[in-house]
Amino acid sequence: MHLILFIFSPVKSCLDELSCLLNLADIQAALYELCWQVVQGNLKLDVVVSVLGDMMVNVFYYVFSTCLLNKIKSIHQKCTNHGHFSPYFLFIPLCHVSPILKERLDPETLESLGLIKQAHQFNQKIVKIKTKLFYKQQKFNLLREENEGYAKLITELGQDLSGNITSHLVLESIKSLIGCFNLDPNRVLDIILEVYESRSDQDEFFLSLIKSYMCEPITLCHILGFKFKFYQEPNEETPKSLYHIAAALLHHNLIELEDLYVHLMPLDAVIVEEHKRDISEAKQIARKLVMVVLPSEKSEDREKDKEKEEEKNEKPPDNQKLGLLEALLRIGDWHHAQSIMDQMPSFYATSHKAIALALCQLVHLTVEPLYRRAGVPKGARGCVMLPLKNTRAPRPAESFEDLRRDTFSMLCYLGPHLSHDPILFAKIVRLGKAILFMLTDGSFQETLLSCFLSIADQVLLPSLSLMECNACMSEELWGLFKLFPYQHRYRLYGQWKNETYSSHPLLVKVKAQTVERAKYIMKRLTKENVKQSGRQIGKLSHSNPTILFDYMLSQIQWYDNLIVPVVDSLKYLTSLNYDVLAYCIIEALANPEKEKMKHDDTTISSWLQSLASLCGAVFRKYPIELAGLLQYVTNQLKAGKSFDLLILKEVVQKMAGIEITDEMTSEQLEAMTGGEQLKAEGGYFGQIRNTKKSSQRLKEALLDHELALPLCLLMAQQRNGVVFLEGGEKHLKLVGHLYDQCHDTLVQFGGFLASNLSTEDYIKRVPSIDVLCNQFHTPHDAAFFLSRPMYAHQILSKYDELKKSEKGNRQQQKAHKYVTACEQVMAPVHEAVVSLHPARVWDDLRPQFYATFWSLTMYDLAVPQAAYGREVNKLKAQIKAIEENPEIPLNKKKKEKERCTALQEKLQEEEKKQVEHVQRVLHRLKLEKDNWLLAKSTKNETITKFLQLCLFPRCIFSSIDAVYCARFVELVHQQKTPNFCTLLCYDRVFSAIIYTVASCTENESHRYGRFLCCMLETVTRWHSDRATYEKDCVNYPGFLTIFRATGFDGGNKADQLDYENFRHVVHKWHYMLTKASVHCLETGDYTHIRNILIVLTKILPCYPKVLNLGQALECRVHKICLEEKDKRPDLYALAMGYSGRLKSQKVHMVPENEFHHKEPPARSTTPATQQNGPGSTGKPATSTSKTEEGTPEDGGERLNAGTTKPVNKANSAVAKVATSNGNSALNSTKAVKERDEKEKAGKEKKEKKEKTPGSTPETKLENRREKQRDERTGKEERAAREGKEKTPKADREKLKAEEKNSKDDKAKAGNGEAVEPSREREGIKEFKSKEKGDRSAVSGSLKSPVPRSESAESERDQKRRKLDSHSSPSHSSSVKVSMRSCRCTFQQL
């Protein structure tokens, strides 16, 4: 019973489950009843089992057996003794559940139950069944295997998709076909891709279908890879449709780029190798183009090579990676396209035109909205571009900030190949202009500015190089570049020139082709074909200006005759090209590999001079920005380099028409003292018309960049820097040249600022004089030169203001107002100049006098009426010539006549203004003169300070200043200025010029010579006519011969120098000039000889006037010509030039007795062989006039003013300087002994007289006379002895004969006969003796005065000799010496 219950308990539970599932209560009841009957024994067990078996097989087999098996299994697990459980399994075969047991029970149990034979075999059978069931599928891969199924599939995919057909419906049909016809799913996917490839316009449908159909991205990637692999065979070309579907799948992330990229060809290594090969081939082509090739068959071969290269470039490359890249760009997938380009060398991908155009199109679409809103010029109508339908493409830029998101990176990848799309080029440039115009935020501006600079560097300029002759793009680009500072532009040009052309094979070839074409043009450029060559240059410069200009400049540096045709041929350039030309010029100037000195280190290199000339011509003719060039010169000056001032000099000269030269004619110099119009018409050598625009451009460049004052200050400071800092190891000639160049450029530049800057601009920029000198350490002459125009402007402005405030037309009222204006303006200046010098300076010179001297110009002192008259007459002659010329058209005649008439009226009006101005200035000076000189010390100190601080610094500053200094001295004399000694001033100027000349540069020598010439003109005018002298000099304080300290009044009438004595003084000055000139010529030093020849050339109109002095100079100059002919050609040229002009002036020379009145010497007991001065003389004549001389007690110093007997030239020369010509006949030992005895006696007399306490003036005078006689005797004896010792025997006999002739001449002179020829011979003999080595006659007193122990000289002679030997006129020791030398010229004491 238990067994039955156990057995049927699972049956019951199974029935319970069936009842729950089926809700069949009757069946449950029937089963229950069946089981109950078995238990009661009413039914047999076999019958019930068969019934239940049928039920399980037909209806409840699976559920019943499962439940039953679960029960048995649970019982099996609970039963610890399997032996008791085995009977239960007797029921299992009866239930027919062995298949289920094989599924549920483990093989070992089944084996133990006998359901299987061996567990191992059973396991193997299970594996095979599972493999067959789960890993083997019945499908058809080929179309021919199941053509019906695949045909239905293709039909399904190729149907019209315009209706309600969706990818979901098609996908269900595909699944059905796959299941029905056992189609291969991968083959189905391949067919889907094939159909998509043929219907690439249905992207949305097929992409949705593939996304729904595909579960593994790698599977799709493999299928695409197999497709690409098929087209990698030779002579196969991958269709664009395949690139398209691959790009679309990538864009929608259906496949990964990394998975597909490995299937594409060629490999990256092959691409890199190809890129390197392209670069090497381009360089090889460039080398071939640069090489010199004979015009033979090689030229034809080169043309064929070019054609092949072009064909090769035009053929699209079979590169699957580039094809995929193009497709990605076409659909707007920038992210994946950027990834592919990153795998390749720079600009390799975009070097293919199709890819470049695709990327350009994408950039077009990106910038289109922003360009329409902000970039389209007024009046322009552009073609509207439709955006991409692809929502995943880069978003269009709506603001400037959006450009940084994708547009800038796209442009950077595009690089130089933007040249394929000029329209996009113009769009980007216009957007850049709009950005720079509209930016306001500083940080934002800096960011976008840097971005656009990068775009210009990497994209715009390289692209312009590949655009062939596109002037419009060049001008468009200049519209953007001109908004950048020149520093940014020049950096871009430098990158473009030096680095860009080596970054890509195409650019390498373009560079070589440009150089080749430039050579072709430059070889054929002449003045005759400038127009044709200029057009070719213009076409070539539109694309590659840096390469073209670099070659042109290299040619100009070698051949300066190309400058004019090159400048004329540049008229077809664009604005950008002109700016690039300015950069190339600066780069050529700053080339560190080029030496700016020639190999001899004495002159500036010719290449620098050529470039400087080119700068002046180019910047004047064309509208090129000057800021960069001016800043370069400024930087060079900051670095202590003055070579490049030559550039500034040329630029100012050409652009403003201001020339600086010391070779001006007297007429030009006179014109330069007038107004600006007169300067322009008659003051310069060249034609300076049409400089208004160019000078305005130069002025604006200086003011906009604040370079006017820095350049002036740097040039002023650099003058000394040239000598002490820059010129350390340089040749003296080069140092002098650099100094002159620096100084001349300063004068030229300052003149430009003064004439072109407005009053406000000039005053605003130039600081006060004390700030210039003390803070900026500007030399005083340069500081006043810069401040002078400011003072003039201020005075005129103040004068006009006073005239408007107070009405009054009388001349006196105007003059008074002018004086008032001067006082108000100059009062602060008077206070400022006090700090420039030590306090002791102002004991003699008033600050007012110092400031007046430095603030005035020649325009203020005199009116060049003759110059105005000359220019007016020239214009009248031009008008007459125009009227008489029948070939000139009437319209042109009218214009020219109007121009000449207008100039004539301007000159006349300018002359009138200057006349009124000079009158006002002279009135002002007349009122000021009494307070100019204090003279608290001696007149000598006053003149010394005037020469040292005023006259000499300014007379060598410029040619106009040299004339001004001479005229100012004359004006001070004419104004009868108290405490100013005119005689002493002239004497100091003429008496000691040796060291002044030796310390000058070449140009300073020209100015100093012009100053001396003007001073000599005044002296010559007074010397030539007694009436003129008496009118201009007599009763003038400047010609007083008694000098007294300030405040002392002795009550005596001041003596004046009479006319004859003045002529003696002038002769003495001529003699001193001769002596100094001969000394400089004999030194052998280059600077001495050059400078004295320049000075002598300048003063030739006024010196020499005495025949024997002229002959002496002629002799020395002739010797220089012989000596320097083969040694120093420049000195030889100077000497020959002066020698020729000197000979032409010889007809105007006069004998000495005509130059000044000369009385024959009195008979004397002095031996006839005794000689003095440059010629043989007798004993000095005795003065018959009474001599008056102030004693030291009364504070006076006396210059002889009595009626003296004029003495001959020899005596006056002796009085000034003791000389000896070495031709004395005193050659015996007896004469030597007599000399020694006389010297000893002289010493004893001197000691005796010094011990005498109460000597009278008469005694002193007598003692001095005796000392002089003894001194002369001793010196002449020594000179005779030295001459005897140095003269060879052959020459001694000749000298004796000459001495005999001189004795005869002296005898004739004693009888009143003419002795002039003898004097000429004596002068020649004196200078011949110097050539033989004895130079004591001229320079002995300058170098080695006679010691006091050897001669008992008077105190006056010692001081006089000291003056002659002093280093420079501005440092002479005492006015007593100088004025007493004048006195000794007239009378022997």
Side-chain angles (χ1 to χ4, degrees), residues 190 193-203 206-207 210 220-275 277-278 311-363 365 388 390 392-394 410 413-415 417 420-421 506:
D190 179 65
L193 293 177
E194 290 284 349
V195 176
Y196 180 22
E197 186 178 345
S198 63
R199 305 184 69 181
S200 57
D201 55 332
Q202 301 292 334
D203 288 324
F206 282 99
L207 289 174
I210 294 172
L220 179 58
C221 190
H222 284 318
I223 293 175
L224 278 176
F226 289 140
K227 286 181 175 292
F228 280 108
K229 185 73 174 178
F230 174 76
Y231 293 108
Q232 292 173 3
E233 298 296 329
N235 301 323
E236 292 289 340
E237 184 176 350
T238 308
K240 292 185 178 181
S241 56
L242 181 58
Y243 291 132
H244 175 77
I245 64 171
L249 294 174
L250 282 171
H251 187 50
H252 288 80
N253 297 321
L254 295 179
I255 58 176
E256 296 295 330
L257 178 62
E258 293 78 6
D259 298 334
L260 180 61
Y261 194 78
V262 296
H263 296 282
L264 304 179
M265 293 298 285
L267 299 176
D268 289 344
V270 176
I271 293 176
V272 172
E273 196 65 31
E274 180 185 354
H275 180 68
R277 185 171 61 253
D278 290 342
E311 292 175 0
K312 181 180 177 181
N313 291 336
E314 290 175 359
K315 184 180 179 180
D318 188 16
N319 189 319
Q320 293 178 341
K321 294 179 179 179
L322 295 179
L324 178 61
L325 174 61
E326 180 185 354
L328 288 170
L329 293 174
R330 294 291 181 189
I331 66 173
D333 189 355
W334 169 241
H335 173 71
H336 288 99
Q338 185 178 7
S339 300
I340 292 178
M341 286 192 286
D342 287 338
Q343 304 295 324
M344 301 178 181
S346 299
F347 308 128
Y348 173 80
T350 51
S351 64
H352 299 80
K353 187 175 181 179
I355 295 175
L357 291 176
L359 184 54
C360 288
Q361 185 67 19
L362 184 59
V363 178
L365 298 173
L388 288 172
N390 186 1
R392 299 189 180 189
M410 291 181 191
Y413 279 99
L414 192 58
H417 305 287
H420 294 298
D421 194 343
L506 281 179

Legend entry - Pairs involving residues 224-248, ordered by first then second residue, that meet ring pair (Phe, Tyr, Trp, His ring centres under 6.0 Å) (sequence neighbours left out): F228-Y243
Inset, instruction - Kindly determine whether Q361 and L329 satisfy side-chain contact (heavy atoms from CB on, under 4.5 Å), including the steps that lead there. - result: CA-CA 9 Å; Q361 185 67 19; L329 293 174; over 6 Å; no
State, to 0.1 Å, how close [X] and [Y] come at their nearest heavy-atom pair, and which atoms those are.
X    : Y    : result
M344 : A349 : SD-CB, 4.0 Å
L260 : G225 : CD1-N, 4.4 Å
L324 : A246 : CD1-CB, 3.8 Å
L257 : S339 : CD2-CB, 3.8 Å
L362 : G332 : CD1-CA, 3.9 Å
S346 : H275 : O-CE1, 4.1 Å

4.5 Å side-chain heavy-atom contact, [X] and [Y]:
X    : Y    : answer
I355 : H420 : no
M341 : L325 : yes
H335 : D333 : yes
L328 : W334 : no
Y348 : V272 : no
M410 : P394 : yes

Inset, instruction - Check whether the ring centres of H417 and H352 lie less than 6.0 Å apart, and answer yes or no. - result: no
Inset, instruction - Check for a donor-acceptor pair, side chain of E197 on one end and backbone N or O of S241 on the other, with a separation under 3.5 Å. - result: no
From [atom1] ([X]) to [atom2] ([Y]), nearest 0.5 Å:
X    : Y    : atom1 : atom2 : answer
L193 : L242 : CG    : CG    : 9.0 Å
L220 : E256 : CG    : CD    : 11.5 Å
Q343 : I271 : CD    : CD1   : 9.5 Å
L250 : I255 : CG    : CD1   : 4.0 Å
I340 : Y261 : CD1   : OH    : 7.0 Å
I245 : K240 : CD1   : NZ    : 15.5 Å

Legend entry - Ion pair check, E326 and R330, cut-off under 4.0 Å: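 Yes.
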Inset, instruction - May I ask you to check whether over 12 heavy atoms, not counting those of Q232, lie within 6.0 Å of atom CD? - result: yes
Inset, instruction - For H263 and K227, run side-chain contact (heavy atoms from CB on, under 4.5 Å): C-alpha distance rounded to whole Å, both residues' side-chain angles, the deciding distance at 0.1 Å, then the answer. - result: CA-CA 9 Å; H263 296 282; K227 286 181 175 292; over 6 Å; no
